[in-house]
Protein chains: 2
Amino acid sequence: MTVDLQKIKKKLANNNYKMTSQRKAILEKIIENQGSHLSAEEIYEQVKKDDSNIGLATIYRTLELLCDLGIIHKLNFDDKCRRYELDKEDEHHHHLICFECGEITEFNDDILEDFEEDIKEEHSFEVIDHRIKFYGYCQVCQ
Amino acid sequence: MTVDLQKIKKKLANNNYKMTSQRKAILEKIIENQGSHLSAEEIYEQVKKDDSNIGLATIYRTLELLCDLGIIHKLNFDDKCRRYELDKEDEHHHHLICFECGEITEFNDDILEDFEEDIKEEHSFEVIDHRIKFYGYCQVCQ
DNA sequence: TTGACAATGAGAATCTTTTTCGATACAATT
DNA sequence: AATTGTATCGAAAAAGATTCTCATTGTCAA
């Protein structure tokens, strides 16, 4: 995996935050489940297995913190809850969402890079990032 | 505007639904505010001006219904509420979201049509639709 | 060891959305 | 005009996700 707890620990320290056991546990679960787009509740369940004493509020606080530091980011599928995934600066990926079974698969690519230029010119909008969701039918559901 | 209440009325009728005064009022507000991505609450406020007796539940029920009929669709910005906009089959548009002021502008284009082909081949995923969000800084906030 | 402060757990609070239920509107039928 | 059946409605309760509060605990430097 390209994610390194030590680096994250430093990033926390640089911002005056500590790598506590709870934060570590949460991070580990997120890393273990890369590609799963876990929700706060799901992470809670996972972490609870090892530390049955952790509170849901801690999960939310930690996720918020990790978002602020750019370690993870929020995702909005058409779910009613927010989901989270690791932020990997080296790769850009998008999501394929099946109308039928709801499965979400990832798909790496750097499309639209050229396009961002055009938008700058036509709309005076400086694009920093973009997210694409493709909706349709997965292999199984076609 | 390309939206026609008569057509919508027929669409409702075809599915055994009636064009009630409440539904009409809600639709009118959505049409009036094209491009505004109103939330349920905002639509409620608008409609309440004319019909102070309408219930919020009716707003939600109607929005749900209009989604099912493909007249509008839900949007998820990073807001905590869902927003809605008219579904215009003739045009595809995407959103430019400003990190700074949060303003959301629309932007028409048919990009990624070719791309959908490639995805079909590489991922066995049949793409029906896609949504793109571009994040960055708008003209004012740059 | 102590003091200062960050972090935590538990539960209350908040906010959006959905559900329930009795009342109402309306069209078709008598 | 009265009756019936059904869709729709408003109000309020309920549900579900997230945030806030606050007293307690953990950590680390002095």
Side-chain angles (χ1 to χ4, degrees), chain A residues 8-30 37-69 71-84, chain B residues 8-30 37-69 71-84:
Chain A
I8 295 178
K9 186 170 177 180
K10 270 183 205 150
K11 206 167 199 173
L12 284 166
N14 288 342
N15 291 274
N16 268 330
Y17 296 113
K18 294 162 192 165
M19 176 64 92
T20 64
S21 66
Q22 291 92 337
R23 287 176 183 165
K24 190 155 161 243
I26 293 169
L27 271 162
E28 278 168 353
K29 292 304 176 187
I30 295 175
H37 318 105
L38 299 178
S39 66
E41 195 72 37
E42 285 163 357
I43 293 170
Y44 181 50
E45 294 306 330
Q46 294 270 333
V47 176
K48 238 183 158 172
K49 283 185 207 154
D50 306 337
D51 172 9
S52 61
N53 207 33
I54 197 169
L56 182 54
T58 300
I59 307 288
Y60 277 104
R61 275 187 293 237
T62 302
L63 291 173
E64 187 63 33
L65 176 60
L66 296 176
C67 279
D68 288 349
L69 297 180
I71 295 163
I72 61 174
H73 59 255
K74 289 181 189 157
L75 295 173
N76 252 323
F77 297 116
D78 297 324
D79 249 330
K80 52 186 67 180
C81 61
R82 297 193 187 137
R83 300 183 167 276
Y84 299 83
Chain B
I8 296 179
K9 185 170 177 179
K10 269 183 205 151
K11 206 168 197 174
L12 284 166
N14 288 342
N15 292 273
N16 266 331
Y17 297 113
K18 294 164 193 163
M19 176 64 92
T20 64
S21 65
Q22 290 93 335
R23 287 175 183 165
K24 191 156 161 241
I26 292 168
L27 271 162
E28 278 168 354
K29 292 303 176 186
I30 295 174
H37 319 105
L38 299 178
S39 66
E41 195 72 34
E42 286 164 355
I43 293 170
Y44 181 49
E45 293 306 331
Q46 294 271 331
V47 177
K48 238 184 160 171
K49 283 185 209 155
D50 305 336
D51 172 10
S52 61
N53 207 34
I54 198 168
L56 182 54
T58 301
I59 308 288
Y60 278 104
R61 274 187 294 237
T62 302
L63 291 173
E64 186 65 33
L65 175 61
L66 295 176
C67 279
D68 288 350
L69 296 180
I71 294 164
I72 62 175
H73 60 256
K74 290 179 188 158
L75 296 172
N76 250 324
F77 297 116
D78 298 324
D79 252 327
K80 53 185 65 179
C81 61
R82 298 198 186 132
R83 299 181 168 280
Y84 298 83

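Below, chains carry the letters A, B, ... as their sequence lines are ordered, and counting in each starts from 1. No experiment lies behind these values; they were computed from the predicted model shown.
- Of the candidates D/dT8, C/dT8, D/dA11, D/dA11 carries the atom nearest the B/N53 side chain, counting heavy atoms from C-beta on.
- For A/T58 and C/dG9, the shortest distance from a side-chain N or O to OP1 or OP2 is below 4.0 Å.
- Note: NZ (B/K24) to P (D/dT8) measures 17 Å, nearest angstrom.
- Across the protein-nucleic acid pair, A/D51 atom CG and C/dT8 atom P stand 11 Å apart, rounded to whole Å.
- Protein atom CD1 of B/I59 is 8 Å distant from nucleotide atom P of D/dG10, rounded to whole Å.
- Judged by distance alone, the side chain of B/N76 and the main-chain N or O of A/D78 form no donor-acceptor pair under 3.5 Å.
- Between B/L12 atom CG and D/dT6 atom P the separation is 20 Å, expressed in whole Å.
- For the pair A/Y17 OH and D/dT27 P, the computed distance is 19 Å after rounding to whole Å.
- Between the CG atom of A/L65 and the C1' atom of C/dA7 there is a distance of 11 Å, rounded to whole Å.
- No more than 12 heavy atoms of other residues, nucleotides or ligands lie within 6.0 Å of OH in A/Y17, so this atom counts as exposed by the packing criterion.
- Separating the CD1 atom of A/I43 from the P atom of D/dA17 is a distance of 14 Å, rounded to the nearest angstrom.
- Looking at every heavy atom in both residues, A/E42 comes nearest to A/H37 through OE1-O, 4.1 Å.
- The structure places CG of A/D51 at 9.5 Å from CD1 of A/I26, a figure rounded to the nearest 0.5 Å.
- Formation of a donor-acceptor pair under 3.5 Å by the B/R23 side chain with backbone atoms of B/T62 is not found in this model.
- To the nearest 0.5 Å, atoms OH (B/Y84) and NE2 (B/H73) are separated by 11.5 Å.
- Taking atom CG on A/L63 and atom P on D/dC20, their separation rounds to 15 Å, with Å as the unit.
- Checking D/dT8, C/dA10, D/dC9 against every side-chain atom of B/K18, the shortest atom distance belongs to D/dT8.
- Taking both residues in full, the closest heavy atoms of A/Y44 and A/G55 are given as CE1-C, 3.8 Å, listed atom of the first, atom of the second, then distance.
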Letter per nucleotide, 5' to 3', of nucleotides 13-21 of chain C [B base touched, S only sugar-phosphate touched, - untouched; heavy atoms, 4.0 Å]: ---SBBBB-
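- Taking only side-chain nitrogens and oxygens, A/Q22 comes nearer than 4.0 Å to OP1 or OP2 of C/dG9.
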